[in-house]
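Note that the structure is predicted; figures quoted are calculated from it, not measured.
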Amino acid sequence: MNVVALDQLWVYLSGNPLLSLLVTLIAFYLATRLNILLGRTPLLHPVVISIVLLISFLLLTGIDYRTYFEGAQFIHFLLGPATVALAIPLYDHRMRVQRMIWPVMIGCITGIVTAVGSTLGIALLMGANRETLLTLAPKSVTSPIAMGIAEQLGGIPSLAAGLVLLTGSIGCALGPWIFRLLKIKDPTVQGFTLGLAAHGFGTAHSFSSIGALAGAFAGLAMGLAGLVTAFLLPLIVALLGI
């Protein structure tokens, strides 16, 4: 009787879009707990662990991604309000931002040109084709912007999103080590650097591991990087003749 009840429950849940939402929340909760048990190591970021858990679940159950996304799209929708909410801590530190506006802008432009130039240069040396180059180019901005830029330039949006996640993971892993090596202790510098180099991952890491001030500057860097990249990247691509 219990087996039959469980089977009926699974049939009901598998056909209900709320299953995707429930599984996503459970996966992130488990990933967060595991990350805490491992000492909050950036090498195993909760988002990365969640992705692995969700992929495993979809493969084991045979649920296709489109069906999964029908239920999980509510969380996807919340990305917009969550990004806008980053303006709140930024507003709290607006006076400091105003005082540092020129260093922030110069640092942002320099970081973008360095990230895009080094990426395309290495890829060109390794013989990457045009489509791959245009997919790699926007890897240092947040996923929605990177996907939009890649699509407009002729790259592969889905692959661009995956590269963004990989870039964010590496940035969070190497960032704290580089700060210790260079003896950088200013939370504004740490936050801005992580937001610029590791976008959403870096912003989340700044809020959780460094503080609200670092998180505010990380959010600022992430937003500016996306905006400036959207304008500069087509120019860089044109100048390189890609």
Side-chain angles (χ1 to χ4, degrees), residues 6 9-10 13-14 16-63 65 68-69 71-79 81-83 85-86 88-89 139-144 146 161-219 221-222:
L6 287 174
L9 178 62
W10 172 250
L13 288 175
S14 61
N16 194 317
L18 288 178
L19 175 65
S20 300
L21 180 61
L22 177 63
V23 169
T24 303
L25 295 175
I26 291 175
F28 187 74
Y29 173 78
L30 293 176
T32 303
R33 298 303 302 175
L34 180 59
N35 183 259
I36 292 173
L37 290 174
L38 295 173
R40 296 185 181 275
T41 172
L43 294 173
L44 291 174
H45 195 280
V47 174
V48 176
I49 299 174
S50 299
I51 291 172
V52 174
L53 292 175
L54 288 171
I55 290 175
S56 301
F57 172 78
L58 295 180
L59 290 175
L60 287 172
T61 58
I63 298 175
Y65 178 77
Y68 161 77
F69 189 72
Q73 61 183 331
F74 179 70
I75 296 178
H76 180 75
F77 166 78
L78 291 177
L79 283 174
T83 302
L86 292 174
I88 297 174
K139 68 171 182 59
S140 293
V141 296
T142 190
S143 294
L163 292 170
V164 167
L165 295 177
L166 182 60
T167 302
S169 300
I170 295 173
C172 284
L174 294 181
W177 178 78
I178 294 174
F179 295 148
R180 288 193 297 270
L181 181 65
L182 299 179
K183 298 181 180 179
I184 297 174
K185 299 180 180 179
D186 189 337
T188 61
V189 177
Q190 292 183 351
F192 187 82
T193 303
L194 286 172
L196 183 61
H199 32 80
F201 276 47
T203 301
H205 181 77
S206 297
F207 273 111
S208 62
S209 301
I210 304 176
L213 180 59
F217 273 80
M222 181 177 68

Quick one: pull up [atom1] in [X] and [atom2] in [Y] and give me the separation to the nearest 0.5 Å.
X: Leu30; Y: Leu25; atom1: CG; atom2: CG; answer: 11.0 Å
X: Thr32; Y: Leu37; atom1: OG1; atom2: CG; answer: 11.0 Å
X: Tyr68; Y: Thr61; atom1: OH; atom2: OG1; answer: 11.0 Å
X: Phe217; Y: Leu196; atom1: CZ; atom2: CG; answer: 13.5 Å
X: Leu58; Y: Ser20; atom1: CG; atom2: OG; answer: 7.5 Å
X: Phe28; Y: Leu54; atom1: CZ; atom2: CG; answer: 11.0 Å

Can you see which heavy atom on [X] is nearest to which on [Y], and at what distance?
X: Thr203; Y: Gly215; answer: CG2-O, 4.1 Å
X: Thr188; Y: Asp186; answer: OG1-OD1, 2.7 Å
X: His205; Y: Cys172; answer: CB-SG, 3.9 Å
X: Phe201; Y: Ser169; answer: CE2-OG, 3.3 Å
X: Ala218; Y: Gly202; answer: CB-O, 4.4 Å
X: Pro46; Y: Ala31; answer: O-CB, 3.3 Å

task = Evaluate the side chain to side chain contact (heavy atoms under 4.5 Å, CB included) criterion for residues Leu181 and Trp177: first the C-alpha distance (whole Å), next the side-chain angles of each, then the deciding distance (0.1 Å), finally the verdict.
result = CA-CA 6 Å; Leu181 181 65; Trp177 178 78; 3.9 Å; yes
Quick one: does any side-chain atom of Gln190 pair with a main-chain N or O of Ser206 as donor and acceptor, under 3.5 Å?
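No, because the side chain of Gln190 does not come within donor-acceptor range (under 3.5 Å) of the backbone of Ser206.
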### Query
So, does His199 use its side chain to make a donor-acceptor pair with the main chain of Val164 at under 3.5 Å?
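Yes.
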Side chains of Phe179 and Leu194, heavy atoms from C-beta outward: is any pair under 4.5 Å?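 With C-beta onward as the side chain, the pair touches.
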**Prompt:** Pick from Val48, Ile49, Leu53, Val47: which one makes a side chain to side chain contact (heavy atoms under 4.5 Å, CB included) with Ile51?
**Reply:**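 Single pass found, and it is Val47.
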